[in-house]
2 protein chains.
Amino acid sequence: MTTEEHDSGTAPWSKPRGTAFLLSQVGAHAAARFAERVGALGVAPSDVGLLRMIAMRPGRSQQSLAGELGVVPSRVVTLVDGLERKGLVERRRNPQDRRNYALYLTEEGSRVMAGMREVGTAHENDICAALDEAQREQLAALLEAVAVQQGLTPGVHPGYRR
Amino acid sequence: MTTEEHDSGTAPWSKPRGTAFLLSQVGAHAAARFAERVGALGVAPSDVGLLRMIAMRPGRSQQSLAGELGVVPSRVVTLVDGLERKGLVERRRNPQDRRNYALYLTEEGSRVMAGMREVGTAHENDICAALDEAQREQLAALLEAVAVQQGLTPGVHPGYRR
DNA sequence: TATTGTTATACTCTATAACTATA
DNA sequence: TATAGTTATAGAGTATAACAATA
């Protein structure tokens with residue numbers, strides 16, 4: 001991915017040798033490594049998805065983010081507070097309806113987003129180092145099939161879901 | 001797996017469409033589903049790995065578990081406290097060296113372990129529902145290759161690692 | 001002194017519910 | 001009344017460090 005996983009919280013495990021266990025194990029590992037990488041840019045994995053969503057559709061409200069991510073609005077407050085404090089995101093009042101905010105990336109926010117694309121590439125190459133190009137595509141295709149069948153929303157990490 | 005993942009804690013995400021992101025996304029989903037299933041048996045995903053390790057090598061000390069899981073000893077205290085309170089694990093003093101405990105599953109603990117094997121099978125079939133047998137093996141082989149190259153310990157979920 | 005396990009404490013993440021301002 | 005956002009609070013999970021018992 002260009003930006004992606006995170007860490008987890010609880011502990012998932014542990015029967016030695018099943019496809020589902022391997023998925024969880026390797027997935028958690030990839031998330032942890034991604035967290036290390038983006039951490040060097042000063043953001044948490046949970047910030048990454050938010051930044052990306054704001055970058056793709058500037059002017060979004062906090063409610064729309066909460067809805068799409070599947071988290072409670074108060075959590076978005078906390079996340080946006082952090083991004084605003086770091087100077088990556090800006091809250092602008094909407095003169096038409098002053099109840100909601102329109103969210104935008106700052107210049108610094110855009111710079112960080114660009115950095116995250118590099119991080120994503122490096123991360124992808126790191127995690128897939130054992131596989132050649134054909135195998136990577138094969139793996140992606142199999143994972144995609146599982147993701148679709150399981151009803152996962154493209155680009156939305158379950159780490160957000162309530 | 002026979003028993004496996006868990007939930008996570010933080011948020012990992014979110015670049016739309018990379019193999020590494022898919023791994024994290026599907027892995028976290030598998031972990032969350034596994035947590036739901038074992039939750040019905042009254043245990044948390046973090047309990048599962050511990051129970052399994054005790055079942056495979058009865059009489060182990062808490063220190064040895066901490067070392068293998070890569071967690072701090074005080075966390076093992078908390079986990080074993082919970083399992084003991086639920087009547088799944090027993091602490092026995094070692095008369096030779098009364099500093100450490102030897103851990104054993106109770107009968108109820110063994111029953112739960114048996115239940116977890118069924119849970120693992122159901123979970124595996126659920127997660128891999130989109131794939132036929134050949135594809136499942138293909139996916140497992142690719143994941144195994146990644147796991148080995150990334151230095152993951154077989155059967156040990158990164159959710160424990162400090 | 002070194003080792004095993006425990007306790008006390010604190011920190012992070014996240015949800016719930018009550019609240020403010022605006023509509 | 002209804003909606004966007006905020007605050008206050010609480011709970012889960014986990015780490016650190018000091019501690020007790022035993023060796």
Side-chain angles (χ1 to χ4, degrees), chain A residues 5-13 28 31-32 35 39 43-50 59-85 89-103 157-162, chain B residues 5-13 28 31-32 35 39 43-50 59-85 89-103 157-162:
Chain A
E5 46 284 39
H6 73 303
D7 114 76
S8 258
T10 319
W13 28 81
V43 299
S46 48
D47 294 328
V48 178
L50 217 59
R60 296 187 67 152
S61 71
Q62 297 184 184
Q63 287 283 341
S64 84
L65 291 174
E68 186 165 329
L69 291 174
V71 298
V72 94
S74 66
R75 191 176 169 199
V76 178
V77 173
T78 305
L79 290 169
V80 174
D81 279 351
L83 293 174
E84 198 175 38
R85 188 160 20 79
V89 160
E90 192 187 351
R91 279 172 164 117
R92 293 190 205 154
R93 275 294 181 198
N94 176 353
Q96 312 308 316
D97 183 341
R98 292 162 39 86
R99 285 175 303 183
N100 62 46
Y101 283 118
L103 302 174
H157 198 283
Y160 283 114
R161 297 242 155 252
R162 42 190 148 200
Chain B
E5 45 286 37
H6 73 304
D7 112 76
S8 260
T10 318
W13 28 83
V43 298
S46 48
D47 294 328
V48 178
L50 217 59
R60 297 187 67 152
S61 72
Q62 296 185 184
Q63 285 284 341
S64 85
L65 292 173
E68 185 164 331
L69 292 175
V71 298
V72 96
S74 65
R75 193 176 167 197
V76 177
V77 172
T78 305
L79 290 169
V80 174
D81 279 353
L83 293 174
E84 199 176 38
R85 187 160 23 79
V89 160
E90 191 188 350
R91 280 171 164 117
R92 293 189 205 156
R93 275 294 180 197
N94 175 354
Q96 313 306 315
D97 184 341
R98 292 163 38 88
R99 284 176 306 184
N100 63 45
Y101 284 118
L103 302 174
H157 198 284
Y160 283 113
R161 298 243 155 250
R162 42 189 146 202

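The structure presented is a predicted model; accordingly, all values stated were derived computationally and were not measured. Order of the sequence lines fixes the chain letters, A, B, ..., with proteins taken first and strands second; residue numbering starts at 1 for each chain.
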Over how many whole Å does the gap from [X] atom [atom1] to [N] atom [atom2] extend?
X: B:Tyr101; N: C:dT3; atom1: OH; atom2: C1'; answer: 15 Å
X: B:Gln63; N: C:dT6; atom1: CD; atom2: P; answer: 10 Å
X: B:Asp81; N: C:dT7; atom1: CG; atom2: P; answer: 7 Å
X: B:Leu83; N: C:dG5; atom1: CG; atom2: P; answer: 15 Å
X: B:Leu65; N: C:dT6; atom1: CG; atom2: P; answer: 12 Å
X: A:Asn100; N: D:dT6; atom1: CG; atom2: P; answer: 11 Å
X: B:Tyr160; N: D:dG13; atom1: OH; atom2: P; answer: 12 Å
X: A:Arg93; N: C:dA23; atom1: CZ; atom2: P; answer: 9 Å

Does [X] have a side-chain nitrogen or oxygen under 4.0 Å from the phosphate oxygens OP1 or OP2 of [N]?
X: B:Gln96; N: D:dA23; answer: no
X: B:Arg60; N: C:dT4; answer: no
X: B:Arg75; N: D:dA12; answer: no
X: A:Arg99; N: D:dG5; answer: no

Check your understanding: If you take atom types as modelled and just measure distance, does the side chain of A:Thr78 reach the base of C:dT14 with a donor-acceptor pair under 3.5 Å?
Key -> no

Exercise for review: Check for a donor-acceptor pair, side chain of A:Tyr160 on one end and backbone N or O of A:Val71 on the other, with a separation under 3.5 Å.
Suggested key: no

Practice item. Look only at the side chain of B:Arg93 and the backbone of B:Arg98, and say whether a donor-acceptor pair between them is shorter than 3.5 Å. Key: yes

Practice item. With DNA chain C as reference, determine whether A:Val71 or A:Asp97 sits nearer its 5' end, using the nearest nucleotide of each. Key: A:Val71

Check your understanding: When rounded to the nearest 0.5 angstrom, what is the spacing between CG in A:Leu69 and CD in A:Gln62?
Key -> 12.0 Å

Practice item. To the nearest 0.5 Å, tell me how far B:Leu83 CG sits from B:Asp47 CG. Key: 4.5 Å

Review point. Counting side-chain heavy atoms from C-beta on, which of C:dA23, D:dT6, C:dT6 comes nearest to B:Ser74?
Key: C:dT6

Review point. Checking all strands, does A:Arg161 fall into the base, sugar-phosphate, or nothing category for heavy-atom contacts under 4.0 angstrom?
Key: nothing

Review point. Got B:Leu103 and B:Arg91 here, is their nearest side-chain heavy-atom distance under 4.5 Å?
Key: yes

